[in-house]
Amino acid sequence: MSKFEGVIVSDQWLQSQFTQVELRSLKSKFVAFKNQNGKVTFGDLASLMMRLKSFVDMYREDEIKGILNESDNDFTNDVDFEAFLRTYLNLRSQATTKQGAVKHSSSFLKETVTTLLHTISGSEKACYVAHINSYLGDDPFLSQFLPLDPATNDIFNLSKDGILLCKLINVAVPGTIDERAINVKRKLTLWERNENHTLCLNSAKAIGCTVVNIGAQDLVEGRPHLVLGLISQIIKIQLLADLNLKKTPQLVEIVDDNQDIEELLNLSPEKVLLKWMNFHLQRGGYQKTVKNFSTDLKDAEAYAYLLNVLAPEHCNPATLDTKDSYERANLVLEHAEKMGCKRYLTPRDINEGTSNLNLAFVAQLFHHRSGLSTDTKKMSYAEMMTEDVQTCREERCFRMWINSLGISTRVNNLFEDVRNGWILLEVLDKIFPESVNWKQATRPPIRMPFRKVENCNQVIKIGKQLKFSLVNVAGNDIVQGNKKLILALLWQLMRFTMLQLLRNLRSHSQGKEISDADILKWANRKVNSIGRTSQIQSFKDKSLSSGLFFLELLSAVEPRVNQKMILTLAASIMYWSLQQQTEEADSFPSPASTLTNVTPEASPAPSVCGEDEICSSLNGDFSNLSVDDTTSDTTVSSQLEIDGVVLD
C-alpha cells in the first residue's frame, strides 16, 4: 500500500500559511525553474514570481525587483524553497495592501479560500457547532463525541479524520455518500484519514461546494479557516436546499403572474429567500425593501415585522417600540425561539450585519414557518415548466463541473447564468489561458443586450479556434438561452478539458495529441491486461449499458477490491430488483407471480456491512458463496438467476 505524502516545510508557521494544493503548485514551479537553470538565485526570484498567476496582474517585474532590493540580500546567493515561500508571502502581503482592505473572515457567500491573515469568527464557529450538535447528535458513531464545545477546538480536532465532514454532507444532501465507504473507527491510519477526506472533497464538489485550494492533507491537519470554510458551504447548501419551486411549489405565491414564475425559476436560492422575506414584509406594512443579509438587517426592524407576520401569536409590541437596536434584536431572537427556532446567532451578530449568519437565520425561519398557502393554478403552471429528467441531469453535471473549476462567478442556474457570456469566457480562460480578449468583454451586470451578444460571439469565436463543432451557431443563440446548443457547447468544453489533462501527461503520450480513439484503445488494452475478454468498439457500444466493462476497467487500474463489499453491493441490487417485481405483482396480481417473498422492512443498504442481514432479507443462503476472480466476471451460476426465476 502506497503512503500519502504532502509537501513538508521545516518551518511550521510557514507551512501553516499555505494549503497543500498551493504548496504542490509552488513547489512544481520552483523545481521546474531550478531544473531549467541549474539553480535559483535571489536575483532570479523576480522573473520566477512573474510566472505565477497571482502576481501577473499586480506587479511588473521591475516592481518586484525594487521590493527585493529593500531586503539587502546578495542577488547572487542561492535560494531554497523555503526562502522562495517567504518572498512569496512578502509579495502577497504587499499586494493585499496595494489592493486595499481585504475580507478576512470565512463566509457562506465566499467563492474561494484565501490563505493569508486568516481570522476565525467566534460567532460563526459557535453557529456551526450548534448546527452540528443539533443534526448529528444522534449519529451512532459521532454521538460519543458530541455535543461539541464552541469555546474549544473540538470542531477542528473531530474534523481531522473526515468522518464528521462526510456525515455532514449526507445531512445536507441525503444519500450523497454511501456511509459504508467511510472509514469509521476511533483510531484511523493516515491513509484511512486521507481516503475519508478524498471522499469528502469529491462529494463536496458533487453537491456544489467550491473546494479550490483545499487538499485532503489540509483537512487531515485540521486547518481552522479551511475546515470552517468547507463546513459553512455544506450548511448553506442544506439550509437553501428547499428554496426552489421543485421542492417548495408554494413559492409561486410570492410572484404575481406567470412571467414572474419564469423569473423565479432562474433566481439563485439566496435571491429567492430575499424575495420571500420581502413578500411577507410588504404584507406586514414594512416600507423598505431588504436587498442584502447584512446592512439592511442591522437594526433588526425588518426581523420584527417579518416575525409579526409569520407568528403573530408570539408578537410583542415592545419589539417595534424600543429605540435600542440591541434590545430589539434580542426580542426578535426570543420571538423566534417561541416559534421553535434554535438560537444560533446573537443580538450582536444581527447588529454587526454578519451576512452569513443572518442568511442562516432567515433560512431557518423559512423552514419552520414559510407562511405560504397553496394556489393550485399557479402550482400547476409551475409544474408544467419543469425540465425533463435528462436535461436536468446534464444541467446539474455541467453546473457542478463549472463550479469545480474555481472561477470567480458561481453558477446557480446554468441556462440562465451563461446567457450573458461572461461565465463561459471565464471557463475558456481557465481551461485555455490567454484565449480571451478581456478588453472586448463586458462584465456583469450587463444592461445592453448587444454587449451580451458580443461576449457570446467571442465565446463562439474561441470555440471555433479550438476546433469545436459549432456549425450555424451564433452568439445570439446563447443569449436566447437555446438549451440544446448550450449543452452541446459545454460538452465540448468538458471534453477539451479532459483531453488537455491527458495531453499534459507527456511521459505517457510522448507529446502526441490524445483522441477519443486513444482513450478507447487504452481502456480495451487495460481490461485485456488482467485476462478479461470484454472489448468495446466505441463509446456508443450497447454493451456499455451493462456496466461490466467499467467494472473490469476499475478492477484493472485498482485491484484492491473488497470482496465483501462487492457481495453486499450485488445483494443490494438484487434486493431492489426483487422488491420491484414484488411491488408490481401486488399491483397487478397474476398466478405466475411466485417470486421469493421479500419483506418491506428489510434494508437494501445497511449502514453497517453485514452479509447475514442482507441474506436474511432475501431469504437466500449466501453463506457458502466464495468470490473467484476467474469466474466472477463472466457468467452467473445457473442456480442463481435474478430476473424472474426463484433462487435454487
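Because the structure is predicted, anything quoted here is derived from the model rather than measured. For reference, positions follow the sequence shown, starting with 1.
Contacts of Phe549 classified as ring pair (Phe, Tyr, Trp, His ring centres under 6.0 Å), with partners at least two apart in sequence or in another chain: none. Scored by the salt bridge (charged side-chain N to carboxylate O under 4.0 Å, His left out) test, Arg525 finds no partners at all (sequence neighbours excluded). Scanning for side chain to side chain contact (heavy atoms under 4.5 Å, CB included) contacts around Met494 gives Cys397, Phe398, Trp401, with sequence neighbours left out. Ser47 pairs by the side-chain hydrogen bond (donor to acceptor under 3.5 Å, both in side chains) definition with nothing, not counting sequence neighbours. Applying the side chain to side chain contact (heavy atoms under 4.5 Å, CB included) rule to Lys542 yields no partners; only residues at least two apart in sequence or on another chain are considered. Applying the side-chain hydrogen bond (donor to acceptor under 3.5 Å, both in side chains) rule to Ser543 yields the partners Asp541; only residues at least two apart in sequence or on another chain are considered. With sequence neighbours left out, the side chain to side chain contact (heavy atoms under 4.5 Å, CB included) criterion links Ile237 to Val173, Ile207, Cys209. By the side chain to side chain contact (heavy atoms under 4.5 Å, CB included) test, Leu520 pairs with Asn524, Ile536, Phe539, sequence neighbours left out. A search for side-chain hydrogen bond (donor to acceptor under 3.5 Å, both in side chains) contacts involving Thr248 returns nothing, not counting sequence neighbours. For Asn403, there are no side-chain hydrogen bond (donor to acceptor under 3.5 Å, both in side chains) partners at least two apart in sequence or on another chain.
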- Where do Leu219 and Leu230 land on the side-chain contact (heavy atoms from CB on, under 4.5 Å) test, with the steps shown first? CA-CA 10 Å; Leu219 298 180; Leu230 182 56; 4.1 Å; yes
- Task: May I have the step-by-step check of side-chain contact (heavy atoms from CB on, under 4.5 Å) for Val255 and Lys275, ending in yes or no?
- Result: CA-CA 9 Å; Val255 297; Lys275 195 172 185 67; 3.7 Å; yes
- Query: Passes side-chain contact (heavy atoms from CB on, under 4.5 Å), Gln535 versus Asn528? Steps please.
  - Reply: CA-CA 8 Å; Gln535 288 279 293; Asn528 292 339; 2.6 Å; yes
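Interatomic distance, CD1 of Ile214 versus CG of Leu201, reported as 7.0 Å (0.5 Å rounding). To the nearest 0.5 Å, atom CG of residue Asn196 and atom CG of residue Leu165 are 9.5 Å apart. Distance check: Tyr88 OH to Lys29 NZ gives 10.0 Å after rounding to the nearest 0.5 Å. To the nearest 0.5 angstrom, Leu85 atom CG is 8.5 Å from Phe30 atom CZ. Between the CG atom in Asn457 and the CZ atom in Phe450 there is a gap of 12.5 Å [rounded to 0.5 Å]. Leu251 CG to Leu243 CG: the interatomic distance, rounded to the nearest 0.5 Å, is 6.5 Å.
Other residues, nucleotides and ligands contribute over 12 non-hydrogen atoms within 6.0 Å of the CZ atom of Phe81. Other residues, nucleotides and ligands contribute only 12 or fewer heavy atoms inside 6.0 Å of the CH2 atom of Trp491.
Residue pairs meeting the side chain to side chain donor-acceptor pair (under 3.5 Å) criterion with at least one member in residues 417-426, sequence neighbours excluded, are Ser408-Glu426, Thr409-Glu426, Glu416-Arg419, Trp422-Glu426. Residue pairs meeting the salt bridge (charged side-chain N to carboxylate O under 4.0 Å, His left out) criterion with at least one partner in residues 452-477, sequence neighbours excluded, are Arg451-Glu454.
Closest approach of Gly475 to Ile460, counting heavy atoms only: N-CG1, 3.9 Å. The shortest heavy-atom contact between Pro269 and Asn412 is CD-OD1, 4.1 Å. Glu192 and Asn183 make their closest contact through O-ND2, 3.1 Å (heavy atoms, listed as atom of the first residue, atom of the second, distance). Taking every heavy atom of both residues into account, Ala241 and Lys247 meet most closely at O-CG, 3.7 Å. Across every non-hydrogen atom of Val436 and Leu425, the tightest pair is CG2-O, 3.4 Å. Among all heavy-atom pairs drawn from Ser203 and Ile169, the shortest one is CB-CD1, 4.1 Å.
A donor-acceptor distance shorter than 3.5 angstrom exists from the side chain of Gln492 to the backbone of Ser469, with no hydrogens or angles considered. Judged by distance alone, the side chain of Asn202 and the main-chain N or O of Thr198 form a donor-acceptor pair under 3.5 Å. For the pair Asp80 (side chain) and Ala83 (backbone), a donor-acceptor distance under 3.5 Å is present.
Using a 4.5 Å heavy-atom threshold, the side chains of Phe415 and Leu487 count as touching. For the pair Asn356 and Ser232, the minimum side-chain heavy-atom distance is 4.5 Å or more. Contact check for Trp522 versus Leu553: side-chain heavy atoms found under the 4.5 Å cut-off. At a threshold of 4.5 Å between non-hydrogen side-chain atoms, the residues Leu240 and Leu359 count as touching. At a threshold of 4.5 Å between non-hydrogen side-chain atoms, the residues Leu45 and Phe42 count as touching. Residues Leu489 and Val473 form no side-chain contact, since every pair of their non-hydrogen atoms from C-beta on lies 4.5 Å or further apart. When side chains are defined from C-beta on, Arg532 counts as touching Ser555, because their heavy atoms get closer than 4.5 Å. Within the 4.5 Å cutoff, the side chain of Ile462 has heavy atoms near those of the Gln458 side chain.
The pair Lys483-Glu395 fails the salt-bridge criterion, with no side-chain N (NZ, NE, NH1 or NH2) lying under 4.0 Å from an Asp/Glu carboxylate O.
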